[in-house]
Amino acid sequence: MGLDPELERIPQVARGGRTGLLSLSADDQGNDVEGALIEFTQAIVDATAEVVCAFKPNSAFFEQYGPAGMRALQRLITYIRGRYPDIPVILDAKRSDIGSTSAAYARAAFDAMQADAVTLHPYLGREAIDPFLERADRGALILCRTSNPGAGELQDLTTTDASGTARPLYQHVAHAVATTWNTRGNCGLVVGATYPEELRAVREIVSDMPILVPGIGAQGGDLAGVVQHGRDSSGDGLIISLSRSVLYASNGADFAEAGRREAERVMNAINDLRK
């Protein structure tokens, strides 16, 4: 369950005391931004907890609101870990940098924010994400073939590695993670649902590694193709992410219940495709 709140899209509900949600804009200085973010996202968490395998707050959607947003993000993760301790939290932050900066990012994600896993980009090489990989008790989900339309501009470039093997860059990433980066068994990859054939190629390289799959729902990803091509040797291994289609399933007082129904619909569709 992706948690990507936008204040202007939070449903406006008649408040009976503090029973509803107030629609806010990003520049509403006098309103309780932190309160609106946490009230909305906690309602979605509570409604979907029984049907999801993980919660994935996207840090950018909280960071854009400054200190209030960051407080809401930390409160949200604390809430999930306290109330639903068996459901992991993936911090969608797409971090990676050099040396001490990357180490600081790792401490921020795993120690300060208490995330169970974080998304990372591989462009700087393994050295840049070693501080994350060293945390055997935490997960590192590394961008491989992303869901955006422009992903192929770099990710599809054919390159040759040190052994002389030529393949698209995203496949080099998958091979490197599977063969040399995943020494602690805490790696996974990120492959978009909008590219099921590329997902098939990645799964052939990483037979039993978990793959986080964004792009179902609002981005129009191919759910059937994902389930067909993305499962591991045991028939599992996929973390299929939904966000906007659940978060904004209704703009009325039933927003949480509507979100639950949409999450259940997709869960049932996944299970039907697995048969």
Side-chain angles (χ1 to χ4, degrees), residues 1-84 87-94 109 112-115 118-119 147-148 193 212 214-221 239-267:
M1 180 65 239
L3 299 166
D4 310 347
E6 300 173 78
L7 289 178
E8 62 272 17
R9 299 188 69 180
I10 289 178
Q12 186 168 359
V13 181
R15 280 181 174 269
R18 291 193 52 81
T19 60
L21 289 163
L22 179 66
S23 179
L24 300 172
S25 63
D27 57 356
D28 278 338
Q29 299 298 317
N31 289 319
D32 183 6
V33 171
E34 179 183 348
L37 291 172
I38 195 66
E39 188 176 350
F40 176 64
T41 53
Q42 283 185 359
I44 294 292
V45 164
D46 289 339
T48 61
E50 292 183 356
V51 297
V52 303
C53 66
F55 289 110
K56 185 177 71 66
N58 187 316
S59 64
F61 284 86
F62 295 86
E63 291 172 15
Q64 66 180 325
Y65 302 116
M70 293 306 295
R71 289 193 300 270
L73 174 59
Q74 189 154 37
R75 285 177 60 189
L76 175 63
I77 294 175
T78 299
Y79 179 81
I80 295 169
R81 290 180 66 86
R83 186 155 187 176
Y84 306 104
I87 303 179
V89 175
I90 301 168
L91 182 63
D92 193 357
K94 300 177 178 69
M113 302 306 295
Q114 289 293 300
V118 66
T119 56
S147 61
N148 57 303
L212 171 64
I216 293 293
Q219 292 186 58
I239 307 169
I240 298 174
S241 178
L242 299 174
S243 55
R244 285 173 288 174
S245 61
V246 173
L247 291 173
Y248 309 115
S250 169
N251 61 4
D254 67 336
F255 72 93
E257 293 79 6
R260 163 70 179 247
R261 289 193 296 271
E262 173 62 11
E264 284 186 317
R265 184 190 70 79
V266 176
M267 180 189 71

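In this chain, numbering begins with 1 at the start of the sequence shown.
Sorted by first and then second residue, the pairs that involve residues 44-55 and meet salt bridge (Lys or Arg N to Asp or Glu O under 4.0 Å), not counting sequence neighbours, are Asp46-Arg83, Glu50-Arg260.
Not a single donor-acceptor pair under 3.5 Å links the side chain of Tyr65 to the backbone N or O of Ala72. In this structure a side-chain-to-backbone donor-acceptor pair under 3.5 Å is present from Arg81 to Gln114. Side-chain atoms of Gln64 come within 3.5 Å of backbone N or O of Phe61 as a donor-acceptor pair. Using modelled atom types, one side-chain atom of Gln74 and one backbone atom of Ala112 make a donor-acceptor pair closer than 3.5 Å.
In this structure, CE in Met1 is found 14.5 Å from CD1 in Ile239, a value given to the nearest 0.5 Å. Ile10 contributes atom CD1, which lies 13.0 Å from atom CG of Asn251 (distance to the nearest 0.5 angstrom). Taking CG of Asn58 as the reference point, atom OG of Ser243 lies at 8.5 Å (rounded to 0.5 Å). Between Cys53 atom SG and Ile87 atom CD1 the span is 9.0 Å, to the nearest 0.5 Å. Of the inter-residue distances, the one linking Asp254 atom CG with Arg261 atom CZ reads 5.5 Å to the nearest 0.5 angstrom. Between atom CG of residue Leu242 and atom CD1 of residue Ile216 there is a gap of 7.5 Å, rounded to the nearest 0.5 Å.
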What do the steps show when you test Arg71 against Leu73 for side-chain contact (heavy atoms from CB on, under 4.5 Å), and what is the final call?
CA-CA 5 Å; Arg71 289 193 300 270; Leu73 174 59; over 6 Å; no

Determine, stepwise, if the pair Leu3 / Ile80 fulfils side-chain contact (heavy atoms from CB on, under 4.5 Å).
CA-CA 12 Å; Leu3 299 166; Ile80 295 169; 4.2 Å; yes

Could you walk me through whether Phe255 and Ile44 pass the side-chain contact (heavy atoms from CB on, under 4.5 Å) check?
CA-CA 8 Å; Phe255 72 93; Ile44 294 292; 4.0 Å; yes

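Between Pro57 and Val89, the closest heavy-atom pair is CD-CG1, 3.9 Å. Shown here for Ser147 and Pro214, the closest heavy-atom pair between the two residues is CB-O, 4.1 Å. Residues Ala49 and Phe55 share a closest heavy-atom pair of CA-CZ, 3.9 Å. For the pair Ala249 and Gly259, the tightest heavy-atom approach, listed with the atom from each and the gap, is CB-N, 3.8 Å. Between Gly69 and Leu37, the closest heavy-atom pair is CA-CD1, 3.9 Å. Heavy atoms only, all atoms of each residue included: Gly252 and Pro11 are closest at O-CB, 3.9 Å.
Judged as a side-chain contact (heavy atoms from CB on, under 4.5 Å), and not counting sequence neighbours, the contacts of Ile38 are Thr41, Gln42, Arg75, Leu76.
A 4.5 Å side-chain heavy-atom check between Lys56 and Leu212 finds at least one atom pair inside the cut-off.
Between Tyr84 and Tyr79, the ring planes are perpendicular. Angles over 60° get that label, and only those under 30° would be called parallel.
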